[in-house]
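All residue numbers refer to positions in the sequence shown, counting from 1.
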Amino acid sequence: MSFPELLRQCRKQKHMSQAELASLLGVTQQAVGKWESGKSSPDPTTVAKLAEILDTTADYLLGLFDPADEGQTEERFFGSYVYSLIPVIGTVKAGYGALAFEEDYGREYARVKDPSNYFYLVVRGDSMEPRIHDGDLALVHKQDTLENGDLGVLIYGDEGEGTLKRYLQRGNCVVLQPFNPTYKEMVIKGEDLNNLHIAGRVVETKAKW
């Protein structure tokens, strides 16, 4: 079962309403509703608080394993995928020969095949509205190439910071396209393409509460 299903099941077993659970956590009922519908997910600290209130374990709520299991770690495989804690960062920059990851915001769970090749990036600004909002978390697979139409984390210039944009190839040019129509596309061509760095491909985004 998924986290939203397990959370709802455990809450109902305690004969507790969403409002009552929200009150104990110090969050809004809307936040609990979004967790149970899968529209967003709580951070690891809140998951631990939920588990304490609902008399279970964080691992059980996350669908990792039964509380009676022993000898388990923070990871558990489902076929070729595993739930793991992925680092959450605030900034990606182009370093000397490698990417520099800055601003540590802790870790967040994700179900991925190779967790060491992923990171979460905190979205900044409103250039990707209305689909992606300021403060959302973008799960990014580390890679230095993108397919036409991919949503990626891209860095332009040695002093630039990573930003979410749709990656488009038009002839000999690369276009970084925002979703927000009030922002202009960035067209990069010629020698300027050497200043474009790809940090990775965005595989999903989620609201952070």
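Shortest non-hydrogen contact noted between Leu193 and Asn172 is CD1-O, 3.7 Å. Taking every heavy atom of both residues into account, Cys10 and Leu61 meet most closely at SG-CD2, 4.0 Å. A pairwise comparison of heavy atoms in Leu196 and Tyr167 identifies CD2-CE1, 4.4 Å as the closest pair. The two residues Leu50 and Pro42 make their nearest non-hydrogen contact at CD1-CG, 4.1 Å. In this structure, Ser2 and Glu5 approach most closely via the heavy-atom pair N-OE1, 3.0 Å. Contact between Met128 and Arg166 at its shortest, heavy atoms only, is CE-N, 4.3 Å.
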Stepwise side chain to side chain contact (heavy atoms under 4.5 Å, CB included) test for Val153 and Thr163
CA-CA 5 Å; Val153 175; Thr163 180; over 6 Å; no

Full working for side chain to side chain contact (heavy atoms under 4.5 Å, CB included) between Tyr105 and Ile89:
CA-CA 6 Å; Tyr105 285 91; Ile89 62 168; 5.8 Å; no

Worked verdict on Val27 versus Trp35 for side chain to side chain contact (heavy atoms under 4.5 Å, CB included):
CA-CA 12 Å; Val27 301; Trp35 298 339; 4.1 Å; yes

Could you walk me through whether Leu137 and Val123 pass side chain to side chain contact (heavy atoms under 4.5 Å, CB included), step by step?
CA-CA 6 Å; Leu137 294 182; Val123 177; over 6 Å; no

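Of the candidates Glu204, Arg201, Glu108, Leu139 forms a side chain to side chain contact (heavy atoms under 4.5 Å, CB included) with just one, namely Glu204.
Under the 3.5 Å distance criterion, the side-chain polar atoms of Asp43 are matched with a main-chain donor or acceptor of Thr45. Under a 3.5 Å cut-off, the side chain of Asp114 and the backbone N or O of Ser116 do not form any donor-acceptor pair.
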Considering only distance and modelled atom types, tabulate donor-acceptor pairs under 3.5 Å from the side chains of residues 183-190, sequence neighbours left out.
{"from": "Tyr183", "atom 1": "OH", "to": "Asp126", "atom 2": "OD1", "distance (Å)": "2.4"}
{"from": "Glu185", "atom 1": "OE1", "to": "Arg170", "atom 2": "NH1", "distance (Å)": "3.2"}
{"from": "Glu185", "atom 1": "OE2", "to": "Arg170", "atom 2": "NH2", "distance (Å)": "3.2"}
{"from": "Glu185", "atom 1": "OE2", "to": "Gln177", "atom 2": "NE2", "distance (Å)": "3.1"}

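Counting heavy atoms from C-beta outward, Leu151 and Val203 have side chains that stay 4.5 Å or more apart. Looking at Pro115 and Val112, their side chains come closer than 4.5 Å, going by heavy atoms from C-beta outward. A 4.5 Å side-chain heavy-atom check between Leu7 and Leu54 finds at least one atom pair inside the cut-off.
Atom CD of Glu52 has 12 or fewer heavy atoms from other residues, nucleotides or ligands within 6.0 Å. Heavy-atom contacts from other residues, nucleotides or ligands closer than 6.0 Å to NZ of Lys49 number 12 or fewer.
Note on Leu121 and Phe179: same hydrophobic cluster, where clusters join Ile, Leu, Val, Met, Phe, Trp and Tyr whose side-chain heavy atoms are under 4.5 Å apart, directly or indirectly.
Rounding to the nearest 0.5 Å gives a distance of 10.0 Å between OG1 of Thr91 and CD1 of Ile155. The CG atom of Leu176 sits 5.5 Å away from atom CG of Leu154, with the distance rounded to the nearest 0.5 Å. Between Met16 atom CE and Ile53 atom CD1 the span is 7.0 Å, to the nearest 0.5 Å. Taking CG of Leu168 as the reference point, atom CG of Leu146 lies at 10.5 Å (rounded to 0.5 Å). The distance from atom CG of Leu21 to atom CD of Gln18, rounded to the nearest 0.5 Å, is 8.0 Å. Here OG of Ser37 is found 8.0 Å from CZ of Arg8. Values are rounded to the nearest 0.5 Å.
With respect to the salt-bridge test (charged N to carboxylate O, under 4.0 angstrom), the residues Asp55 and Lys14 qualify. Of the charged side-chain nitrogens involved, none lies within less than 4.0 Å of a carboxylate oxygen, so that Arg124 and Glu161 do not count as a salt-bridged pair.
Scored by the ring pair (Phe, Tyr, Trp, His ring centres under 6.0 Å) test, Tyr118 finds His141 as partners (sequence neighbours excluded). With sequence neighbours left out, Ser17 forms a side-chain contact (heavy atoms from CB on, under 4.5 Å) with Ala19, Glu20.
Donor-acceptor pairing under 3.5 Å is recorded for the side chains of Ser127 and Lys165.
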